[in-house]
Amino acid sequence: METATAPSLRERNRLRTRTEILGIVLELVDEDGLAACTVEEIARRVGASKTTVYAHFGDGLDEMLRELYLSISQRVVAEASARRARVAAPVDRIVALAEVLFEICAEPRVGRFYMMLSPAISPTLETVVGRATSAFRDFIRADIVTLGHEPAAAAHLALALTGSIRECAVAVACGSAEAPALLGVIRSIAAAVLAPGRPIA
């Protein structure tokens with residue numbers, strides 16, 4: 001049986017520096033948008049050289065943006081999956097997904113970065129964008145199928161509900177809407193559509 005070894009001091013310092021660099025990226029994007037986020041400015045704020053920054057992120061800013069986005073996506077999926085598992089009713093399970101996404105999107109810097117939709121950033125994130133959305137669709141489709149609906153119809157409804165949740169999350173991230181009110185709307189939509197006896201086309 002193998003036992004896990006604690007990371008070395010060097011490894012802990014490396015992880016700490018990477019985390020600090022990614023935190024600076026969030027700050028810069030939040031303050032002045034993606035255009036202000038340069039390796040030079042990141043290095044200045046971290047108090048390191050550009051060489052040090054590139055030693056941690058060889059692909060530069062693109063790698064930093066991908067890692068940030070992917071880590072937030074993984075967090076969304078993990079926390080949403082755990083909360084969804086604690087409730088039984090399909091509507092409650094759908095609302096649980098929205099709750100987690102809205103909570104994360106309400107966090108300063110994190111939500112605005114995660115929900116940022118910009119042609120300038122999309123190519124950079126192409127390989128990591130959509131993972132949480134896909135997981136949400138799968139979760140919702142599975143819950144709808146348990147109610148006896150055909151998989152194809154359930155997939156269409158899951159697509160629509162996931163899109164609604166995501167658009168509401170954008171509003172939460174931008175500060176233009178309050179999460180509790182939007183959760184009520186998501187609950188109402190899900191409950192109305194999944195009401196017993198209501199056919200799904």
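Sequential numbering from 1 along the given sequence is applied to the chain's residues. Any value given below was found using the heavy atoms of this structure, including those in side chains, with hydrogens, waters and symmetry copies removed.
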From Leu28 atom CG to Arg45 atom CZ, the distance as rounded to the nearest 0.5 Å: 4.5 Å
Hphob cluster co-occupancy, Leu183 + Val87, side-chain heavy atoms under 4.5 angstrom: no
Nearest heavy-atom neighbours spanning Gly111 and Ala173: O-CB, 3.4 Å
From His156 atom NE2 to Ile144 atom CD1, the distance as rounded to the nearest 0.5 Å: 11.5 Å
Asp30 vs Phe113 side-chain heavy atoms within contact, under 4.5 Å: no
CZ-OG1 distance between Arg66 and Thr127, expressed to the nearest 0.5 angstrom: 5.5 Å
Residues, nucleotides or ligands: over 12 heavy atoms within 6.0 Å of Glu63 CD: yes
Verify same cluster id: Val129, Val170 (apolar side-chain graph, 4.5 Å): yes
Ser71 OG to Leu22 CG distance, which is reported to the nearest 0.5 Å: 7.0 Å
Cation-pi, Phe57 ring and Arg18 (6.0 angstrom, 45 degrees): yes
Arg44 bridged to Glu41 by N-O distance under 4.0 Å: yes
Pairwise side-chain contact, Ile186 with Cys168, heavy-atom cut-off 4.5 Å (strictly under): yes
Cluster link Val145 to Leu147, ILVMFWY, side chain under 4.5 Å: no
Close side-chain approach of Leu101 to Met115, heavy-atom, < 4.5 Å: yes
Between Ser73 and Tyr114, a side-chain donor and acceptor under 3.5 Å: yes
Val172/Glu178 under side chain to side chain contact (heavy atoms under 4.5 Å, CB included): CA gap, chis, key distance, verdict: CA-CA 6 Å; Val172 171; Glu178 295 294 322; over 6 Å; no
Min side-chain heavy-atom separation Cys37-Leu61 under 4.5 Å: yes
Student check: side-chain heavy atoms of Thr38 and Ile42 closer than 4.5 Å: no
Closest heavy-atom pair and its distance - Ala171, Leu182: CB-CD1, 4.3 Å
Flag side-chain contact, heavy atom, 4.5 Å: His149 against Leu157: no
Non-hydrogen side-chain atoms of Leu161 and Phe136 separated by less than 4.5 Å: no
Side chain to side chain contact (heavy atoms under 4.5 Å, CB included) evaluation trace for Ile165 with Ile94: CA-CA 9 Å; Ile165 291 169; Ile94 292 167; 4.2 Å; yes
Between CE on residue Met64 and CD1 on residue Ile24, distance to nearest 0.5 Å: 11.0 Å
Heavy-atom closest pair, residues Pro151 and Arg141: O-CD, 4.2 Å
Carboxylate-amine/guanidinium proximity below 4.0 Å for Glu103 and Arg83: yes
Cluster check Tyr69, Phe102: I/L/V/M/F/W/Y, side chain < 4.5 angstrom: yes
Arg131 (side chain) donor-acceptor with Leu70 (main chain) under 3.5 angstrom: no
Presence of salt bridge, Glu79 and Arg86, under 4.0 angstrom: no
Main-chain N/O of Ala160 paired to Ser164 side chain as donor or acceptor, under 3.5 Å: yes
Ile140-Leu159 co-clustered via ILVMFWY side chain contacts under 4.5 Å: no
Between CG on residue Leu97 and OG1 on residue Thr162, distance to nearest 0.5 Å: 8.0 Å
Side chain to side chain, Val29 and Arg112, heavy atoms closer than 4.5 Å: no
Note: Asp92-Arg84 ion pair, threshold 4.0 Å (strictly below): no
Check: Leu15 main-chain N/O paired with Thr19 side-chain donor or acceptor under 3.5 Å: yes
